[in-house]
Amino acid sequence: MTPRKEKKSTSNEDEAASKLSDSESPAPVDAPVALSRERFAALEKAGQHSSDLMIVINGEGTVIYANPVALQTFGKSLEEGIGLNALDYLHPDDLERVSTRFIDLLANPGSSVSDTVKSVTESGEIREIEIVSTNWLDNDDVQGIIINGRDVTEHNQYVAQLRAHEERFRLAFEDNMAPMICTDLDDAIIAANNAFCQMVGFTKDELLGHDSKMFTFPEDVGITEESHRRATTGDGVPARYTKRYLRKDGRIIYVEVSRSPARDARGKTLYFVISERDITEERALTARLSHQALHDPLTGLANRALFLDRLAQAHSRVVRQGGMGAVLLLDLDDFKGVNDSHGHLIGDQLLVSIARRLEQVSRSSDTLCRFGGDEFLYLADGLTSPEEAEQMAARLLETLAEPFSVAGIHIGQHASIGVVLWDASRLDYTEIVQDADVALYEAKRQGKGHHVVFTTGMHQQAVSHFAMVQDLRRALTSGEITMHYQPIVDLTVTGVVGFEALMRWQHPERGWVPPNVFIPLAEKSDLILELGAFALNGAVIAASSWKPANGEKSAPYVTVNLSAHQFGDPGLVAMIEKALDLSGLEPDRLIIEITESVTLLYISETLSVMEELNRLGIGFALDDFGTGYSSLSYLALMRPRIIKIDQSFVSPVQESVRNDTLLEAIVSLGHNLDMTMLAEGIETKAQLQRLQGLGCELGQGYLFSRAIPAIEVPAMLAKLPGSWK
Ligand code: C2E
Ligand code: CA
Ligand code: CA
């Protein structure tokens, strides 16, 4: 290696400098380089205007020429630049490498070598310079090296930045949690990241070069093709869509795809970056949540909200396209009894079993819904005749006919249905369910277990019912409602032993309104409690003034009818006690009448109320006996003082042998249980004689008397026994 020269210039260099002093700087040094003067001049001229740097060194490594760019690049002035050893231009890091190269170069005439070297500028800045060094062999066999170069510092920095940027992108792509692919303009995959490979279950190698058909669910291939078509022909804006993938393992997943174009500086699309999101679970969750929002948690049936939505749709379909639809409101008969006697758990299970049976007979195009409590709604869509709706109602009722078995318990459960039909002429659907309720009410009134189709007449009736309830509130205080008394007769002597208190309403316009009409209405609200208290107070006050009937030892008792709802009133016993106190009536002269169905519906309530009233010395009469389903054990438990045989057995619409036998059986049953039997509705002498023959103790009926106003009671009591017309 050529040893580094002293920094000071040699005499030769000085000489060269002087020789070239006539030219513009920098001045090439003459010896020992034997560049001809002409060539040197040409070189100098070129160097002077070149934007590249140019340096000429002689065989000993001394710089004999450096153009302005070179001096500037290496941070040298003209004075210090020329005559320096070429190595003095370099950054210490490069010394060893470059000197070896130069020695090699000088040993191989005509050769050239490229390199990147560093220089330090005056301000201490390090710059990178790309140089090409060429061995220059002169005609005179004198050799040197011509160095051409260019400052590439900025360029290299740019390239490095670009690389770092690319690397960052690669990492961001590769390690991104979001599944991503890049596709070319033919939509073939040119890159896929790890998350994507995991999502579809294919390796990168399997994916590259293929298009997304490979893992797209066959039916959704069109979605991708459409998106690609739009991306390439349209304005290339980012597109987002959802489609299904078929993973390599065969599992179907839902993905949300966002496709955006990667463009060059001129805006031309180079490829697409497609970022995806597996939304399978998200969809399932949303579906679950929306299912929960629209379904009844107990039975899994549609809930009210979903039903009303479907109803709105079905209704507008009918209005648009004709045909007809129906809503069937199904209400379980006396379901409360199940909850009361078996507990809510069994009640709930029964509801589920009922839902399953109803479902079995439902048409798939229809909607079955649990409307709440023990009510179900059925929406029948696309009907062609009213008969179809009625057939459906019959099918729903029929499927409940067979008893249910819940937790080993057999439970018979029937239902009633209100049906509403509508066609295109019904422009509003909002009152359909209300109308179904009116029809249901009618079905229950007619005796449960069947269906009734709504008519506008019913609607008017419902409206008039509403008006009547309003009137009833007023009537209670205006004196239109009074108590009448029907005598209860000892059949052996036909003397009066008691009176049944019956309510009467004399309406200013409607005239006489029978209790069968207004009491059920009052029962729909708390109004029944007020009516009940009114009846009881009136009855005990009236009875407190009654004297024993002619020929009887004790004063007559009074029986008062109690509604089912009164048993749910916690103030019932206190109210009765207070009424007795106020009137001064002995408790054993008051008998409470309750019907079989009431006792069955509210078993626990009635039993506890009965117990308390028994303690007070108040007796019970079981009303309408024979119309319900009381079990014998239950009868024995209640031990009513009187059993009132329903008038349908006493004065049947059609006399029949069967009724006769039944009457006989009922009377002997009561006697076996040691109870007093009362026959209701005795209208004829024949009926009276027959009952007397059976040994029935007591009777009531038009044969003796209708219910009479309180003021007529004393006159009746004064009559001789047996002096009935
Ligand atoms: P119920 O308790 O079974 O009363 C007997 C009904 O039969 C009474 O009708 C009575 O007038 C009628 N009746 C009596 N003898 C004969 C007869 O020989 N032939 C015929 N065809 N009918 C006879 P009413 O007074 O119209 O009462 C009807 C129902 O209204 C009663 O049936 C009872 O359930 C209810 N009710 C009446 N007053 C009250 C009351 O103050 N409170 C409650 N909760 N219900 C009442
Ligand atoms: Ca009664
Ligand atoms: Ca009765």
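Atoms within a ligand are numbered from 1 in the order they appear, just like the ligands themselves.
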Quiz item: If you measure from each non-hydrogen atom of Ile682 to ligand 1, which part falls under 4.0 Å: side chain, backbone, both or neither?
Solution: backbone
Quiz item: Does an N or O from Leu502, backbone or side chain, lie closer than 3.5 Å to an N or O of ligand 1?
Solution: no
Exercise. Have a look at ligand 1 and work out which part of Arg706, if any, has a heavy atom under 4.0 Å from it: side chain, backbone, both or neither.
Key: neither
Quiz prompt | Protein contact of atom 39 (C) of ligand 1 - nearest heavy atom, named by residue and atom, plus distance | solution = Ile519 CD1, 3.5 Å
Quiz item: Do you see an N/O/S atom of Asn561, backbone or side chain, under 3.0 Å from the Ca ion (ligand 2)?
Solution: yes
Exercise. Write down the atom of Ile346, the atom of Ala407, and the distance for their closest heavy-atom approach.
Key: CD1-CB, 3.7 Å
Quiz item: Who's the nearest protein heavy-atom neighbour of atom 38 (N) of ligand 1, and how far?
Solution: Met503 N, 3.1 Å
Quiz item: If you count the atoms of ligand 1 from 1 in the order shown, which ones are under 4.0 Å from a heavy atom of Ala535?
Solution: 41 (O)
Exercise. Would you check whether Glu500 reaches within less than 4.0 Å of ligand 1, judged by its heavy atoms?
Key: yes
Quiz item: Is atom 7 (O) of ligand 1 less than 4.0 angstrom from some protein heavy atom?
Solution: yes
Quiz item: Is His484 near ligand 1, meaning one of its heavy atoms is under 4.0 Å from it?
Solution: no
Practice problem: Please report the closest heavy-atom contact between Leu368 and Glu359, naming both atoms and the distance. | Solution: CD2-N, 3.7 Å
Practice problem: Quick one: report the N, O or S atom of Asp624 that is nearest to the Ca ion (ligand 3). | Solution: OD1
Quiz item: So do the side chains of Val327 and Tyr429 get within less than 4.5 Å of each other, counting heavy atoms only?
Solution: no
Practice problem: Indicate yes or no: at least one non-hydrogen side-chain atom of Glu593 is less than 4.5 angstrom from one of Asp624. | Solution: no
Quiz item: What is the nearest protein non-hydrogen atom to atom 5 (C) of ligand 1, stated with its residue, atom name and distance?
Solution: Glu680 OE2, 3.9 Å
Quiz item: Taking only heavy atoms of Asp624, which atoms of ligand 1 are found under 4.0 Å from at least one of them?
Solution: 3 (O)
Practice problem: For atom 32 (O) of ligand 1, state whether the nearest protein heavy atom is under 4.0 Å away. | Solution: no
Self-check item: Distance filter under 4.0 Å to Met483 heavy atoms, resulting ligand 1 atoms
Solution: 41 (O)
Exercise. For Glu442 and Gln446, test the side chains for any donor-to-acceptor distance below 3.5 angstrom and give the result as yes or no.
Key: yes
Quiz item: Among protein heavy atoms, which sits nearest to atom 19 (N) of ligand 1, and what does the distance come to when rounded to 0.1 Å?
Solution: Glu683 OE2, 2.6 Å
Self-check item: Heavy atom of Ser563, distance to ligand 1 below 4.0 Å
Solution: yes
Practice problem: Check whether any side-chain heavy atom of Glu500 lies under 4.5 Å from a side-chain heavy atom of Tyr485, and answer yes or no. | Solution: no
Quiz item: Which N, O or S atom name in Glu500 marks its closest approach to the Ca ion (ligand 2)?
Solution: OE2
Practice problem: Using a 4.5 Å cut-off on heavy atoms from C-beta on, say whether the side chain of Arg690 contacts that of Val650. | Solution: no
Practice problem: Using distance alone, determine whether Tyr702 and ligand 1 share an N or O pair under 3.5 Å. | Solution: yes
Practice problem: Please determine if Arg510 forms a cation-pi arrangement with Phe518, meaning its NZ or CZ atom is less than 6.0 Å from the six-membered ring centre and no more than 45° off the ring axis. | Solution: no
Quiz item: Any N/O/S atom of Glu680 sitting less than 3.0 Å from the Ca ion (ligand 2), backbone or side chain?
Solution: no
Quiz item: Quick one: does Leu329's side chain get under 4.5 Å of Glu375's, heavy atoms only?
Solution: yes
Exercise. Starting from atom 15 (N) of ligand 1, find the nearest protein heavy-atom neighbour and note its residue, name and distance.
Key: Gln486 NE2, 2.9 Å
Quiz item: With a 4.5 Å heavy-atom cut-off, do Tyr378 and Leu358 have their side chains touching?
Solution: no
Self-check item: Shortest non-hydrogen separation from Val496 to Glu552 and the atoms involved
Solution: O-CG, 3.5 Å
Exercise. Check Asn614 against Ile618 and note the closest heavy-atom contact, atom names and distance.
Key: OD1-O, 3.4 Å
Quiz prompt | Side chain, backbone, both or neither: the part of Gln700 lying under 4.0 Å from ligand 1 by heavy atom | solution = neither
Quiz item: Taking atom 17 (C) of ligand 1 as the point of reference, which of Ser705, Gly681, Gly538 owns the nearest heavy atom?
Solution: Gly681
Quiz item: Looking at atom 25 (O) of ligand 1, would you say a protein heavy atom lies below 4.0 Å from it?
Solution: yes
Quiz item: If every non-hydrogen atom of Trp505 is compared with every non-hydrogen atom of Ala475, which pair is closest and at what distance?
Solution: NE1-CB, 3.4 Å
Practice problem: Evaluate the side-chain proximity of Ile354 to Leu350: yes if any heavy-atom separation is below 4.5 Å, no if none is. | Solution: yes
Quiz item: Is there a side-chain contact between Leu688 and Gln692, using heavy atoms and a 4.5 Å cut-off?
Solution: yes
Practice problem: Between Lys644 and ligand 1, find which residue part has any heavy-atom pair under 4.0 Å and reply side chain, backbone, both or neither. | Solution: neither
Exercise. Could you tell me how the ring of Phe499 sits relative to the ring of Trp546: parallel (under 30°), tilted (30 to 60°) or perpendicular (over 60°)?
Key: tilted
Quiz item: Can you tell me the protein heavy atom closest to atom 29 (C) of ligand 1 and the distance?
Solution: Asn516 OD1, 3.3 Å
Quiz item: For the Ca ion (ligand 3), which N, O or S atom of Asp623 is at the shortest distance?
Solution: OD1
Practice problem: Quick one: look up the protein heavy atom nearest atom 42 (N) of ligand 1 and list residue, atom name and how far away it is. | Solution: Asn561 O, 3.4 Å
Quiz item: Would you find more than 12 non-hydrogen atoms of other residues, nucleotides or ligands less than 6.0 Å from Glu712 atom CD?
Solution: yes
Practice problem: For Pro515, take its heavy atoms, then give the atoms of ligand 1 lying under 4.0 Å from any of them. | Solution: 24 (P), 25 (O), 26 (O), 27 (O), 28 (C), 30 (O), 37 (C)
Quiz item: ligand 1 versus Asp623, non-hydrogen atoms closer than 4.0 Å: side chain, backbone, both, neither?
Solution: side chain
Quiz item: Would you say atom 46 (C) of ligand 1 has a protein heavy atom nearer than 4.0 Å?
Solution: yes
Practice problem: For the residue pair His507 and Glu480, confirm or rule out a side-chain donor-acceptor distance under 3.5 Å. | Solution: no
Quiz prompt | Atom of Lys444, atom of Leu332 and distance for their closest heavy-atom approach | solution = NZ-O, 3.3 Å
Self-check item: Short N or O distance, Arg504 and ligand 1, threshold 3.5 Å exclusive
Solution: yes
Quiz item: Restricting to N, O or S atoms of Glu593, which is nearest to the Ca ion (ligand 2)?
Solution: OE1
